[in-house]
Amino acid sequence: MTDWLSLCRASVEDVHGVLSDLPTRVEREPILGIGLGGDETTAIDEAAERAILARFRDTGATIVSEEVGRLDGGATVVVIDPIDGSLNAKRGIPFFSLSIAVADGGAMDDVTFGYVYDFGSGEEWLARRGEGAWLNGEPLGGLRPKERIEILAFEATRTSLIARHAPAVTELAYRLRVMGSLALSLCHLAAGRVDGVCSLKEARSVDIAAAQLLCREVGIAVSLFDDPRPFGAAELDLEQRSRIAAAGTSELCRQVADALSA
């Protein structure tokens, strides 16, 4: 049986090596092309993905990754975002992550293992389907998000989108945070550090596949509100795209989604 946690931890060390080899913006930000996920591939994205894929190819799993797309293999699906928060990473802002999810099928409900590592804080976030979620080995779920949204995290955004959508949440959220990694913001929600998360641009499975499991394991409501299907039916691929809303209760999650859809 594959030891997914050990592979993830080895991948963290691989990315640390990449960060050391590409120490500044000058080395990290050159654009090498367009990834199959549709975003620009920078030098740091390409180097991190290359190192991680070298480890995961031998598992025989089907791999979905932001830059190379889908590499067909067995029934197990591994969804990899080598660096979530690429802009932060290439500018040297210490808020970006490695996100890896393992699934026994092709949809969100099939994710059995989720792993997110924060390269700024060194925090390790982990979830196993039906077993729970942990931060640095300590169980999550004891501290819930607030019943009213004090802090709402905006992710996957630009200045123009913030200007357009912030007025819609003025009665719903007291303060906003724009931190720059959707996976990490969802992890912070699972830990009760923020009270809601939303993306103002459409997100893909590579952005959320691991962190959504952490949230759902502790009872956080998550919605891909541009997709009418149940959240768990969303495909683990690069084609499925939707804005996301998440909060401590289904009602708060709905309110966030409704505000952004108005």
Side-chain angles (χ1 to χ4, degrees), residues 4-59 63-69 71 78-101 114-126 135-137 153-159 162 177-188 191 193-194 197 199 201 203-204 206-211 214 238:
W4 298 111
L5 179 56
S6 292
L7 275 175
C8 289
R9 287 172 170 168
S11 296
V12 168
E13 294 309 311
D14 291 336
V15 178
H16 275 302
V18 169
L19 296 172
S20 295
D21 291 341
L22 305 174
T24 73
R25 189 181 82 196
V26 173
E27 294 89 5
R28 293 179 182 183
E29 72 175 359
I31 297 170
L32 305 182
I34 302 296
L36 292 183
D39 292 338
E40 294 177 341
T41 299
T42 64
I44 193 171
D45 295 318
E46 191 275 337
E49 183 178 68
R50 183 174 66 249
I52 294 168
L53 291 181
R55 290 196 178 274
F56 278 85
R57 286 180 193 271
D58 289 343
T59 66
I63 296 173
V64 178
S65 188
E66 184 168 17
E67 312 306 334
V68 301
L71 302 175
V78 179
V79 182
I80 302 170
D81 193 346
I83 296 184
D84 184 64
S86 295
L87 181 58
N88 285 351
K90 69 186 182 184
R91 296 301 298 266
I93 298 170
F95 194 84
F96 57 95
S97 63
L98 166 66
S99 171
I100 298 175
Y115 182 91
V116 180
Y117 181 84
D118 184 340
F119 286 97
S121 67
E123 290 179 324
E124 181 183 69
W125 307 81
L126 171 69
L135 166 58
N136 293 336
F154 273 2
E155 288 294 344
T157 190
R158 298 188 300 269
T159 305
I162 296 172
R177 293 290 183 268
V178 184
M179 296 186 282
S181 168
L182 179 54
L184 284 178
S185 285
L186 288 170
C187 290
H188 284 254
R193 295 174 177 175
V194 300
V197 175
S199 63
K201 292 195 300 181
R204 303 150 304 175
V206 292
D207 302 314
I208 64 171
L214 277 107
L238 295 176

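Source: prediction; values computed, not measured.
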Practice task
Give a yes or no on whether the backbone of Leu238 and the side-chain of Arg204 come within a donor-acceptor separation of less than 3.5 Å.
Solution key: no
Exercise for the section: Determine yes or no for a side-chain-to-main-chain donor-acceptor pair under 3.5 angstrom, with Arg28 supplying the side chain and Ala89 the backbone. Expected result: yes
Exercise for the section: Could you list the residues that satisfy side-chain contact (heavy atoms from CB on, under 4.5 Å) with Arg193, not counting sequence neighbours? Expected result: Glu123, Trp125, Leu135, His188, Ala191
Handout entry: Validation row: Val12, Glu124 side chains within 4.5 angstrom (heavy atoms)
Key = no
Problem - Check: Arg57 side chain, Ile63 main-chain N or O, donor-acceptor pair, under 3.5 Å - result: no
Handout entry: Check: Val26 main-chain N/O paired with Thr24 side-chain donor or acceptor under 3.5 Å
Key = yes
Exercise for the section: Might you point out which heavy atoms bring Val15 and Ala48 nearest each other, and give the distance in Å? Expected result: CG2-CB, 4.3 Å
Exercise for the section: To the nearest 0.5 angstrom, please state how far the CZ atom of Arg25 sits from the NZ atom of Lys90. Expected result: 9.5 Å
Problem - Pairwise side-chain contact, Leu214 with Leu186, heavy-atom cut-off 4.5 Å (strictly under) - result: no
Exercise for the section: Kindly say whether Phe96 contributes a backbone atom to a donor-acceptor pair with the side chain of Asn88 at under 3.5 angstrom? Expected result: no
Exercise for the section: Indicate the ring-plane relationship of Phe119 and Tyr117, choosing parallel, tilted or perpendicular according to the 30° and 60° boundaries. Expected result: perpendicular
Practice task
Please round to the nearest 0.5 Å and tell me the distance separating atom CD1 of Ile208 and atom OG of Ser199.
Solution key: 8.0 Å
Completion exercise
In short, Val116 meets Ser99 closest at the heavy-atom pair CG2-OG, 4.3 Å
Problem - Shortest non-hydrogen separation from Val197 to Ser185 and the atoms involved - result: CG2-O, 3.5 Å
Completion exercise
Paired with Leu98, the side chain to side chain contact (heavy atoms under 4.5 Å, CB included) test is passed by just one of Asp81, Ile52, Asp84, Ile83, namely Ile52
Practice task
Using atom types as modelled and distance alone, determine if a side-chain donor or acceptor of Glu155 lies under 3.5 Å from a backbone N or O of Ser181.
Solution key: yes
Exercise for the section: Please name the pair of heavy atoms, one in Asn136 and one in Gly122, separated by the smallest distance, quoted to 0.1 Å. Expected result: OD1-O, 4.1 Å
Problem - Approximate separation, where rounding is to 0.5 Å, of Ile80 CD1 and Ser11 OG - result: 7.0 Å
Practice task
Determine, step by step, whether Ile100 and Phe56 satisfy the side-chain contact (heavy atoms from CB on, under 4.5 Å) criterion, reporting the C-alpha distance in whole Å, the side-chain angles of both residues, the deciding distance to 0.1 Å, and the verdict.
Solution key: CA-CA 11 Å; Ile100 298 175; Phe56 278 85; 3.8 Å; yes
Problem - From CA spacing to verdict: salt bridge (charged side-chain N to carboxylate O under 4.0 Å, His left out), Glu46, Arg50 - result: CA-CA 6 Å; Glu46 191 275 337; Arg50 183 174 66 249; 2.4 Å; yes
Practice task
Taking all non-hydrogen atoms of both residues into account, name the closest pair between Leu71 and Leu53 and its distance.
Solution key: CD1-CD1, 4.4 Å
Handout entry: CG-OG distance between Asp45 and Ser86, expressed to the nearest 0.5 angstrom
Key = 3.5 Å
Practice task
Taking the side chain as every heavy atom from C-beta outward, state whether Leu184 and Met179 have any pair of such atoms under 4.5 Å apart.
Solution key: no
Practice task
Please report the closest heavy-atom contact between Glu27 and Pro30, naming both atoms and the distance.
Solution key: O-CD, 3.4 Å
